[in-house]
Engineer: 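Let me give you the structure first, and then I'll get to my questions.
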There are 2 protein chains.
Amino acid sequence: MPIGYVLTKNMTKKSHSVTIRQVAQKAGVSVATVSRYINQNAPISKDVADRLKMVMTELRYVPHAAARQLASQKTRVVGLLLNTLHNDFFVPLLNGIEAVVRKHEYNLVIATYLLGSRDMPPPIGPHNTDGLLIFSDGLSDDDLASLHDRNFPMVLVHRTPPDSLKIPSVTVENKRISFELINHLIKVHGRKRIMLLRGPIHQEDSYWRETGYKAALEANGIPFDEKLVLNGDFERHTAYNVLHEFIATEKQISFDAVFTGDDDAAIGVLKALHEHGYRVPEEVSVVGFDDLGFSAFLTPPLTTVSAPTETVGRIAAEQLFSLFDKQYPEDDVTLLPTELIIRRSCGCTS
Amino acid sequence: MPIGYVLTKNMTKKSHSVTIRQVAQKAGVSVATVSRYINQNAPISKDVADRLKMVMTELRYVPHAAARQLASQKTRVVGLLLNTLHNDFFVPLLNGIEAVVRKHEYNLVIATYLLGSRDMPPPIGPHNTDGLLIFSDGLSDDDLASLHDRNFPMVLVHRTPPDSLKIPSVTVENKRISFELINHLIKVHGRKRIMLLRGPIHQEDSYWRETGYKAALEANGIPFDEKLVLNGDFERHTAYNVLHEFIATEKQISFDAVFTGDDDAAIGVLKALHEHGYRVPEEVSVVGFDDLGFSAFLTPPLTTVSAPTETVGRIAAEQLFSLFDKQYPEDDVTLLPTELIIRRSCGCTS
DNA sequence: CCAGTTACAGTAACCGGTTACATTATTTCA
DNA sequence: TGAAATAATGTAACCGGTTACTGTAACTGG
């Protein structure tokens, strides 16, 4: 060996993490046995089990998630795909989902996916989750179809599946209750110039609420006036801006009520109305949707629709876990009931 | 070969997913080259790159996350550990965090960890994340120390590190502003029997707000009265129940103001007061903390403290990513400024 | 008493990437 | 112009688990 010869050191990666082989060695068993103990999927003798338990706590062994995932081809992760989370609506939804996910000892990863950012695959999908909860328009129809073809477990939330794709869907009753809400404004409070603040375009809740709104107008012989329709996105700041702008520039257009689309937007609407000196509900009725936690405490208390959002989250998550067991829910779309909540902002005195 | 010989079929796992080797083969290169192309960490000739791009889209290739994680020893996931998420407070926090995480093209996994559930390792940790954002008392001091010893990247949110552990921490100014808030009630509105609705015990914000409260009383020569302290948890339903109970059973104890601890609790407080016929702010002043989205719209509009919660989330996340690059923030604890927001519920007329 | 089960455990291939090391062709530059 | 540096790629060992396949001993029933 020539002088100056340099040993090629095996610079072992300083992965300090304890591995299953170390556990196996220390306990005097094979790695397979350790694995079986961890997963409880094969009988292990009592004393080996006890020994492993000791060794594992002593070594502070925690199985490496990625290694398990790679070997077992399952991630024990469910993904929640949203388009935005600028809305208090997500608190109850997330609560429902998280509770179920935790119960099943899965992890929950949250991602927002702007429909604009194409050409980039969504951050979560089959490569890093076992299934997806897809909120509203969190994913395009095409992507949905593509995942469906690959038989990837998914449940839609507040959105029904496109075409005839068999994807379970959990949402709430929008149209009938919106009809009743608007009907209430007309019949009880004599409102005739009811403004509609839309939600995001192409959003289903938004669509059905608008449909119910129109149906109520028609049922009462009130002509639909395009000028009374504003475009919002279920977001309080947008709502404020849009209405503020409207009032400032379209003074000649009168209105005596606002259907805000959802309660978050209602906050913005109330603020704009207040700042412009409209008295609610004397001059203008305001009604929302969702009955969020704060809605009963607004000025005035908000007439709205109670939607079981936490339950939506819970059921959607449960259905996803059922899909993991190849159990398809009875009904393709689970439509949860909604309920009229009459408070002060429509003009009622309760 | 004897008759009846049975071939041991290589029942290939029907893992339909496209692998890097398929891409490599189809593009006529080695897997190493594909890997290099994906990670852009070594020069690739133009035409090979083009070819790979085509093949990858054609095959709809998406790298298997677990395999990458296992091989590279990094997960590209940050974990957010909460104790609960029953609070609208999390919406802005989550927003701030998510924005940063997405910018870095990482994934965000959310877990709630009940401090009670010991003997079970937290659902997220070094085995499945590159770093943790730990909210409040989402993890015990011991666990914190243990992770710190292993040099695991963490940033604390709304909590300062125990002992002398060098863990970056991002939170808001609580004590001084609470002092000012209570001082306002006393000096401006002549309140003397100010009730304190505590947050969760051992929660730092709660502690400092209480400290500020006591300091203000003392500075004004008002004796601290233990009877005026109620235990809440920053949650509207608890707040409602606790105050409701108090009013029902302790009629003889008078009070003329309530410091609700946070705005979410303020909702419950307002409801309870309203139901029992107290007029706010004429008879009782109510003040909160956080200035959540709805606070300006409560009945009456809530006097509170504006806390830059979204910024807290953003900065905490940024600091975590800095830690990934071995950059420790200048200050151990980043204390974000808070601001008094005077509205109607304290008695002011604005 | 023996064939057929069952309980328990070990060996080693495999999951789908990353990367150290080796190799060849092409530049760069003294 | 020849040595050294650089560019572009390939080979194969690994990452840390899971599990198919085997093997042995104890048990069971006829």
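Note that the structure is a prediction, hence the values are computed from the model and not measured. All chains are named by letter (A, B, ...) in the order of the sequence lines, taking the proteins before the strands, and each is independently numbered beginning at 1.
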Engineer: Any idea which of D:dC15, C:dG16, C:dA9 is nearest the A:Val48 side chain?
Structural biologist: C:dA9

Engineer: Of the nucleotides D:dG16, C:dG17, D:dG17, which one has an atom closest to the side chain of A:Ile20?
Structural biologist: D:dG17

Engineer: Take the protein atom NZ of A:Lys46 and the nucleotide atom P of C:dC8, then report the distance between them rounded to whole Å.
Structural biologist: 12 Å

Engineer: If we count only N and O atoms by modelled type, under 3.5 Å, do the side chains of B:Arg159 and B:Ser169 hold a donor and an acceptor together?
Structural biologist: no

Engineer: What's the closest nucleotide to the side chain of A:Thr19 if the choices are D:dC15, C:dG16, D:dG17?
Structural biologist: D:dG17

Engineer: For a quick test of reading the model: is some side-chain N or O of B:Asn41 closer than 4.0 Å to OP1 or OP2 of C:dT18?
Structural biologist: no

Engineer: Between A:Glu204 and A:Thr160, is any side-chain donor less than 3.5 angstrom from a side-chain acceptor?
Structural biologist: yes

Engineer: Do B:Phe89 and B:His158 have their ring centres less than 6.0 Å from each other?
Structural biologist: yes

Engineer: State which of C:dA12, D:dC21, C:dG16 makes the closest approach to the side chain of A:Val31.
Structural biologist: C:dA12

Engineer: Could you tell me the separation between the CG atom of A:Asp47 and the C1' atom of C:dA7, rounded to a whole number of Å?
Structural biologist: 13 Å

Engineer: May I ask you to decide if the ring planes of A:Phe321 and A:Tyr106 are parallel, tilted or perpendicular, using 30° and 60° as cut-offs?
Structural biologist: perpendicular

Engineer: Can you see if the side chain of A:Arg36 gets near the phosphate of C:dC8 - specifically, an N or O under 4.0 Å from OP1 or OP2?
Structural biologist: no

Engineer: Tell me: CD of B:Gln73 to C1' of C:dT18, nearest whole Å?
Structural biologist: 10 Å

Engineer: In whole angstrom, give the distance that lies between atom CZ of A:Arg51 and atom P of C:dC8.
Structural biologist: 14 Å

Engineer: When we call it a touch if two heavy atoms are under 4.0 Å apart, what does B:Tyr37 touch: a base, just sugar-phosphate, or nothing?
Structural biologist: nothing

Engineer: Should the pair B:Asp130-B:Arg76 be classified as a salt bridge under the 4.0 Å nitrogen-to-oxygen rule?
Structural biologist: no

Engineer: Remember a base hit wins even if backbone is also touched, and classify B:Val34 as base, sugar-phosphate or nothing at under 4.0 Å, heavy atoms.
Structural biologist: nothing

Engineer: For A:Ile44 and D:dT19, give me the distance from atom CD1 to atom P, rounded to whole Å.
Structural biologist: 14 Å

Engineer: Taking for each residue the nucleotide of DNA chain D bearing the nearest heavy atom, is the 5' side occupied by A:Ala32 or by B:Gly28?
Structural biologist: B:Gly28

Engineer: Using a cut-off of strictly less than 4.0 Å, decide whether A:Gln69 has a side-chain nitrogen or oxygen near OP1 or OP2 of C:dG16.
Structural biologist: no

Engineer: Within the structure shown, what part of the strands sits under 4.0 Å from A:Ile38 by heavy-atom distance: base, sugar-phosphate, or nothing?
Structural biologist: nothing

Engineer: Just jot down the side chain to side chain donor-acceptor pair (under 3.5 Å) partners of B:Asp47, sequence neighbours excluded, or say none.
Structural biologist: B:Ser45

Engineer: Please report, rounded to the nearest Å, how far the C1' atom of D:dG17 is from the CG atom of B:Asn128.
Structural biologist: 15 Å

Engineer: Distance check needed: D:dG17 P versus A:Leu70 CG, whole Å only.
Structural biologist: 12 Å

Engineer: Does D:dA8 have OP1 or OP2 sitting under 4.0 Å from an N or O in the side chain of B:Thr33?
Structural biologist: no

Engineer: Go through D:dC15, C:dT19, C:dT18 for me and flag the one nearest to the B:Arg68 side chain.
Structural biologist: C:dT18

Engineer: Nearest to the side chain of A:Ala71, heavy atoms from C-beta on, is which of C:dT18, C:dA20, D:dG16?
Structural biologist: D:dG16

Engineer: Do A:Arg21 and D:dG17 have a side chain to base donor-acceptor pair shorter than 3.5 Å?
Structural biologist: yes

Engineer: Side-chain N or O of A:Ser35 less than 4.0 angstrom from OP1 or OP2 on D:dT18?
Structural biologist: yes

Engineer: What's the NE2-C1' distance between A:His64 and C:dC15, to the nearest Å?
Structural biologist: 14 Å

Engineer: Please pick, from D:dC21, C:dT19, D:dT9, the nucleotide with the shortest atom-to-atom distance to any side-chain atom of B:Ser72.
Structural biologist: C:dT19

